[in-house]
Amino acid sequence: MASSVAEPVYASWLNRNLESRSRATVLSMVSQSDALGQTAGGPVVGWIGSRFSIRASLLAASLLLLPLLAVFGRGPAGRGAEKAYFAKKLEQEDTRRL
């Protein structure tokens, strides 16, 4: 149930914060990373659950997902300078054309 709520929120967050020219590439990379993470991490987390406990497997899964906090933390706030740079560059190109 949590994934049915989280996935649309995540998809809208991504679409809102991606530039249209790189959106397909980033969404593809996210999908491939998700598949790779499930393939590599799923059996390990399952083994931990079988060997120790469900609580230990949930802890292991959360530790594997911890690096995502850094990705989400960078979010759109870090792109303000980048947007200003490109806006200035476009403005310079427009003045050159005149």
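Predicted, not measured: the structure shown is a model, and the values here were computed from it.
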Review point. Would you say D34's side chain and V30's backbone share a donor-acceptor pair under 3.5 angstrom?
Key: no
Check your understanding: Do L64 and V44 come within less than 4.5 Å of each other through their side chains, counting heavy atoms only?
Key -> no
Exercise for review: Please lay out, stage by stage, how N15 and L27 fare under the test side-chain contact (heavy atoms from CB on, under 4.5 Å).
Suggested key: CA-CA 9 Å; N15 285 319; L27 291 175; 3.9 Å; yes
Check your understanding: Any donor and acceptor pair, going by atom type alone, linking the side chain of S33 with main-chain N or O of M29 inside 3.5 Å?
Key -> yes
Revision key, fill the gap. Closest heavy-atom pair, I48 versus A60, reported as atoms and distance to 0.1 Å, is CD1-CB, 3.7 Å
Check your understanding: Backbone N or O of T25 within a donor-acceptor pair of the S28 side chain at under 3.5 Å?
Key -> no
**Study point:** Inter-residue atom distance S53.OG - L59.CG, 0.5 Å rounding
**Key:** 9.0 Å
